[in-house]
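In what follows, every heavy atom counts, from backbone to side chain, and hydrogens, waters and symmetry copies are set aside. Each chain gets a letter, A, B and so on, in the order its sequence line appears, and its residues count up from 1. What you see is a predicted model; the values in this text were computed from it and never measured.
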Amino acid sequence: MSIQLSEQETIRREALVKLRALGINPFPAALFPVNIQSKEVKDNFQEGKEVVLAGRLMSKRIMGKASFAELKDASGRIQIYINRDEICVGEDKTLYNEVFKKLLDIGDFIGVKGVLFTTQVGEKSVKVKEISVLSKSLRPLPIVKTDDEGKVHDAFTDAEQRYRQRYVDLVVNDEVKNIFIKRTKLFNAMRQFFNDAGYMEVETPILQAIPGGAAAKPFITHHNALDIPLYMRVANELYLKRLIVGGFDGVYEFSKNFRNEGMDRTHNPEFTAMEIYVAYKDYNWMMEFTEKLLEHCATNVNGTTQATFGEHQIDFKAPYKRVTMRQAIIDFTGFDIEGKSEQELRSACLSMGVEVDETMGKGKLIDELFGDKCENNYIQPTFIIDYPKEMSPLCKEHRDNPELTERFELMICGKEVANAYSELNDPIDQRNRFEEQLKLSEKGDDEAMFIDNDFIRALEYGMPPTSGLGIGMDRLIMFLTNNQSIQEVLFFPQMKPEKKAIELSDVEKAIIEILKINNRIEIGALKSTTALSGKQWDKAMKTLNQHGLIKVEVSGETKVCVLQE
RNA sequence: GACUUGGUAGCUCAGCUGGUAGAGCAUUUCACUUUUAAUGAAGGGGUCCUGGGUUCGAAUCCCAGCCAGGUCACCA
């Protein structure tokens, strides 16, 4: 196994050896007695105070017998001052001349003990008395510098590298780290809001025999011991409602969901939703609850209800505007969907240039119309209410209009952020709706829902009137941190695997060479040409096969080896 | 899936109509005891994404592929 090392990596590995030769363990086991963080040092600066800090070395400015460096810990950066005679009190100046100046690199974890002081230029700093190596870094970090005008130089910006090596991104780009701090603040704020309201956080299965609760393509997997297919959940709705049946008043879950669909700027195969169900409530109550919730969350994350998203200024201050879907379509197209037949809707769509096809039922047509003509116009948080029945198979029929459901979606900057219902709790109606879905799926809709008989059985025992809400957490944090791409708010967005260069042994290369000259050799002939031992031959062929470089074609008694392109 | 832009040193990037591969930072060596994009001097470092093709000659032109970004389509 030979790994190609860059010059800088080689030098760092050599430093490792030299440190050990000096009796310094570059990866010591013992705890380091940190007693303060850099932010606290700067916020409550006390000249002469003794401190013990640890972190990464982020820069070195050596000026002969004294140096300045920057230490970065979880809370920020602080300048440290290292004077040769302060850290080497005796005759032996090795610790300064060799260890600090030559063997410590940017990126290394070090610990320092020292006293606080202010430099001539006024920078709050630590005068180091003792320095310890805590962990050596073998790869060079990107060096990002900021000049006195605040301009950033050589920023680590390549999106692919940033996502694949998020750890580097986080070390080097503070604004990236800050996004994730805000993400956690959002979850904490929401959790606190629900807990204060008396609702209970629960966990439900991720591996499900029937992937229900949303119209989406699932990932499929297989359980060996049970020998059955299992699906990764696309939503947790049906399980949370079972818990309402079981007698809880309010349950919620932050759920990782998985959808086997396309990926783009706003879709990752795994994403996080929050779903909450509250008994004895309806969607009107839920709208008020939602706007209060989001106002609370925005304030906790950003300290204000205002947020900037691209060119838009949005305000999470409650209350939010409420517009029925019918009214939204009238507002932006002049067309009234009320009482129209499927045929009338289809021709209306066509006349407005909305793409439709034969598999679309009434609900889907209205959805297309809304999606195409209205959705993008709602910039400020707006509740779109009263969706057509056909596209909401888990939602209760509207109390005033049997064509509609008691459903709302919250739109922000033209994107759906939340979705809520007065939940359907009539088991007979529920079974009919599932059967409607089945018909849709027979018509060609590959996202129509499966029938979940156990869920219907649960409803047959009785579920109180309940309102449920789902929030796309990734989308919400995008709005709260002004990011247009979901990848920026996920620590580890999905990426295609990095392909690694295949390293072949000489023996394997030799076989390839033979095949290049004379492809399709009978396998016995090939073996005798190579003149390899049985063991070497076997190993080489297995490796080549694994990498898909060769293929053995069997026809009857003869086996022929073929080079693969 | 379509279109489009990109992939060159550890990082950020330049490299024209094809002619031996460049800069800044980082790194190495030397100097320098309050600097802060520290400074000054000298050096080293490359699978120009991969594979074909055209050509006397390809980082550059052509074809195919891989990876990524963007736009659009699909999609709660």
Side-chain angles (χ1 to χ4, degrees), chain A residues 4-12 14-15 58-70 77 79-86 96 101-102 105-107 117-123 125 127 137-165 168 172 213-217 234-235 257 259-267 269 271 273 355 357 364 367-368 370-372 375 384 387 391-392 407 409 411 415-419 445-447 470 472 475 484-485 487-488 493 495-502 565:
Chain A
Q4 282 287 2
L5 291 181
S6 70
E7 183 194 27
Q8 294 193 51
E9 288 172 302
T10 311
I11 288 164
R12 285 176 182 229
E14 285 164 8
M58 294 305 281
S59 68
K60 274 162 93 180
R61 291 183 289 277
I62 298 172
M63 293 160 303
K65 297 180 187 63
S67 303
F68 287 95
E70 269 178 304
R77 292 179 183 227
Q79 176 169 273
I80 58 175
Y81 172 73
I82 294 160
N83 184 304
R84 186 192 68 183
D85 300 323
E86 298 263 2
Y96 182 77
K101 276 171 74 176
K102 296 195 175 161
D105 293 296
I106 289 169
F117 78 111
T118 308
T119 64
Q120 288 176 2
V121 238
E123 175 100 14
S125 309
K127 185 179 289 180
S137 161
L138 296 183
R139 285 174 186 263
L141 284 173
I143 309 289
V144 183
K145 291 191 175 182
T146 309
D147 65 22
D148 43 14
E149 289 162 13
K151 222 163 85 185
V152 177
H153 299 262
D154 302 328
F156 181 60
T157 50
D158 183 83
E160 179 170 3
Q161 290 200 75
R162 289 208 297 113
Y163 302 152
R164 286 194 195 280
Q165 301 189 63
V168 176
V172 148
K217 288 181 211 158
V234 294
N257 296 337
R259 297 189 182 176
N260 205 343
E261 293 167 356
M263 289 166 60
D264 61 29
R265 200 163 96 262
T266 53
H267 296 262
F271 64 98
E355 273 187 50
D357 64 57
K364 196 102 179 174
D367 188 36
E368 283 295 315
F370 177 78
D372 215 63
E375 205 170 55
I384 304 297
Y387 280 62
M391 48 188 292
S392 314
R407 170 181 184 181
E409 284 195 1
M411 310 296 303
K415 295 267 183 277
E416 174 206 337
V417 172
N419 183 15
D445 186 341
D446 55 359
E447 291 185 342
R475 289 217 178 140
Q484 310 285 327
S485 165
Q487 298 172 105
E488 294 291 352
M495 289 270 163
K496 284 206 186 183
E498 289 178 87
K499 63 158 191 264
K500 46 181 179 221
I502 302 166
E565 279 311 315

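Looking at residues two or more places apart in sequence or on another chain, you find no side chain to side chain donor-acceptor pair (under 3.5 Å) involving A:His267. Take A:Tyr81 and apply the ring pair (Phe, Tyr, Trp, His ring centres under 6.0 Å) test, not counting sequence neighbours, and it matches A:Phe68, A:Phe117. Every residue meeting the side-chain contact (heavy atoms from CB on, under 4.5 Å) condition with A:Gln487, not counting sequence neighbours, appears here in chain and number order: A:Tyr163, A:Ser485, A:Pro493, A:Met495. Not counting sequence neighbours, the partners of A:Thr266 by the side chain to side chain donor-acceptor pair (under 3.5 Å) test are A:Asp264. Among residues two or more places apart in sequence or in another chain, the side chain to side chain donor-acceptor pair (under 3.5 Å) test is passed with A:Thr10 by none. Scanning for side chain to side chain donor-acceptor pair (under 3.5 Å) contacts around A:Glu9 gives A:Ser6, with sequence neighbours left out.
When each of A:Asn83 and A:Lys102 is assigned the nucleotide of RNA chain B with its nearest heavy atom, A:Lys102 is the one assigned upstream, toward the 5' end.
A distance of about 13 Å separates the C1' atoms of B:rU8 and B:rA23, rounded to the whole Å.
Residue pairs meeting the salt bridge (Lys or Arg N to Asp or Glu O under 4.0 Å) criterion with at least one partner in residues 149-159 of chain A, sequence neighbours excluded, are absent.
Salt bridge annotation for A:Glu70-A:Lys60: absent, with no cationic side-chain nitrogen under 4.0 angstrom from a carboxylate oxygen.
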Measure all distances between protein nitrogen or oxygen atoms and nitrogen or oxygen atoms of nucleotides 2-5 of chain B, and list the pairs falling under 3.5 Å.
none

Could you write out each protein N or O paired with an N or O of nucleotides 11-13 of chain B at a distance under 3.5 Å?
from, atom 1, to, atom 2, distance (Å)
B:rC11, OP1, A:Gln161, OE1, 3.2

